[in-house]
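All ligand and atom numbering here is 1-based and tracks the order in the structure. Residue numbers count from 1 along this sequence. Reckoned from all heavy atoms, side chains included, excluding hydrogens, waters and symmetry mates.
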Amino acid sequence: MDTRRKIIHIDMDAFYASVDQRDFPELRGKSVAVGGSPDGRGVVATASYEARKFGVRSAMSSRQALQLCPHLIFTPPRFDVYKQVSQQLRDIFRRYTDLIEPLSLDEAYLDVSIDKLGIGSAMDIARAIKATIKEELQLTASAGISVNKFIAKIASDQNKPDGLTFIGPSKITSFLETLPIDRFFGVGKVTASKMRKLNIHTGADLKRLDEENLVRIFGKTGHYFYNMVRGIDDRPVQPNRKVKSISVEDTFSKDVQDQTAIVEELNRLVNKLSQRLEIRNLSGKTLTLKIKFNDFVQITRSQSYSLPFSDKDTIYNTACNLLDRADLRNKKIRLLGVTVSNFSQPELIQHGKQLSLFDEGEITDQ
Ligand code: DCP
Ligand code: MG
């Protein structure tokens, strides 16, 4: 385990909703959902912490959110404002370190092993960053501090909102052993339920399986789980990660064969994907549809255009064509995924600087 590095993971609290509550004082202290209208087929992008008390969550249909919280106030997303705040955030981070890896608009890893301002401990640096964000942007962030990216990310999620959580080397083992498996990064709802069926509820349960067994049960991800539960993560903080593709995918809670359910899911994924592209100012020339069947056989179908696209209609129509081209007869689908790649311009992910053409990366959202 690398104990020399000092990594901070910063994640803004209820990001879109907090920015809206900041800009519209009448929304402060209220249950707010940013997203589509509950009249249509809108989806919640995020909800204020007041709304979360009622069970309102990201990716939930707006209609369901309104049922859970009848006084919920819906606000339409203001992507330009969120993007601008994100840029301001990165400018703040840059005062404290040159090694920043943005993960999304509101989230980044910071390697503060080199203490640029001579502040002191990583904990003090995280405290200073949070205070600066509060003072200059009137927003709260949660920070996780540890010796690697994986633990820092879990740590930032521990005491949200406005959290500050340090997990030092001596605490890592016991922390991970008591952690419920669905809190581990990369364990989605489907994997979590599979683990529970195998009587794996915490990190300690997961640790009892050797690497061979984990690979037998979970495929290649088994190697990742083996290292993850032991707190092993040597991935460096990569400032110039260039995004080569953006994907969204979802595993059905039950394998499906029904055409209407498949198309509905496709529509949901396409909405999410076009939003992700819009927020990053990206358009690509290639669309890929991924289908995994219940026997775990996976197929992909791609279509490329000479002109870049990012709009919902093109993505949806192309995805439907690709779906038609796949032979689905008598087969049950386990997972659907849609990816846009072949971007027309390199993404300006950091500080408005052009990215290195040699770096690779992809963003997948489950
Ligand atoms: N987002 C989205 N759709 C999702 C998840 C998130 O559009 N399914 C957007 C809205 C969020 C922002 O991305 O405000 C950041 O996502 P986070 O997962 O960090 O969630 P929040 O910042 O909203 O809340 P938290 O306090 O849990 O970090
Ligand atoms: Mg956040």
Next on the checklist: Below 30° counts as parallel, above 60° as perpendicular, anything between as tilted: where do the rings of H71 and F54 land?
Outcome noted: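 The rings of H71 and F54 stand perpendicular, inter-plane angle above 60°.
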Which ligand 1 atoms does [X] reach within 4.0 Å, using its non-hydrogen atoms?
X    : result
R52  : 21 (P), 23 (O), 24 (O), 25 (P), 26 (O), 27 (O)
D11  : 19 (O), 28 (O)
F15  : 14 (O), 21 (P), 22 (O), 23 (O)
Q275 : 7 (O)
Y49  : 25 (P), 26 (O), 27 (O)

Please work out, at 4.0 Å between heavy atoms, whether the side chain, the backbone, both, or neither of [X] comes within that distance of ligand 1.
X    : value
M12  : backbone
R276 : side chain
R57  : neither

Checklist entry - What about F185 and F150, are their ring centers closer than 6.0 Å? => result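 Distance test on ring centres: not under 6.0 Å, no.
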Next on the checklist: Do V44 and V270 sit in one hydrophobic cluster, given that two such residues count as connected whenever their side-chain heavy atoms are within less than 4.5 Å of each other, even indirectly?
Outcome noted: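 No, V44 and V270 fall in different hydrophobic clusters.
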Item to check | From V248, T46, L105, D162 - option closest to atom 23 (O) of ligand 1 by heavy atom | outcome: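 Among V248, T46, L105, D162, the closest heavy atom to atom 23 (O) of ligand 1 belongs to T46.
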Checklist entry - Among L103, D106, V19, D13, which one has a heavy atom closest to atom 15 (C) of ligand 1? => result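 That would be D106.
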Next on the checklist: So, applying salt bridge (charged side-chain N to carboxylate O under 4.0 Å, His left out) with D13, which one of R52, R22, K160, K130 is it?
Outcome noted: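 Exactly one pass, corresponding to K160.
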Looking at [X] and [Y], would you say the former's side chain and the latter's main chain have a donor-acceptor pair under 3.5 Å?
X   : Y    : result
Q21 : K30  : yes
S62 : G42  : yes
Y82 : R78  : yes
T97 : V112 : no

Next on the checklist: Using a cut-off of 2.8 Å, how many protein N, O or S atoms sit around the Mg ion (ligand 2)?
Outcome noted: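 For the Mg ion (ligand 2), the figure is 3.
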Checklist entry - Does R230 make a cation-pi contact with Y226, if we ask for NZ or CZ under 6.0 Å from the ring centre and within 45° of the axis? => result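 Checked: cation-pi criterion met.
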Next on the checklist: Quick check with a 6.0 Å cut-off and a 45 degree axis cone: is K331 positioned over the face of F293's six-membered ring?
Outcome noted: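 Yes - K331 lies over the ring of F293, closer than 6.0 Å to its centre and within 45° of its axis.
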Item to check | Y49 and S18: CA distance, side-chain angles, deciding distance, side-chain hydrogen bond (donor to acceptor under 3.5 Å, both in side chains) verdict | outcome: CA-CA 9 Å; Y49 275 79; S18 304; over 6 Å; no
Checklist entry - Measuring from the heavy atoms of Y82, does anything fall under 4.0 Å of ligand 1? => result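 The answer is no, since Y82 has no heavy atom less than 4.0 Å from ligand 1.
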Checklist entry - Is it true that A14 lies under 4.0 Å from ligand 1, counting heavy atoms only? => result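 Contact check A14 vs ligand 1: positive.
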Checklist entry - Do any pairs count as a ring pair (Phe, Tyr, Trp, His ring centres under 6.0 Å) and have a residue in residues 105-145, sequence neighbours left out, and if so which ones? => result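 Residue pairs with at least one partner in residues 105-145: H9-Y109.
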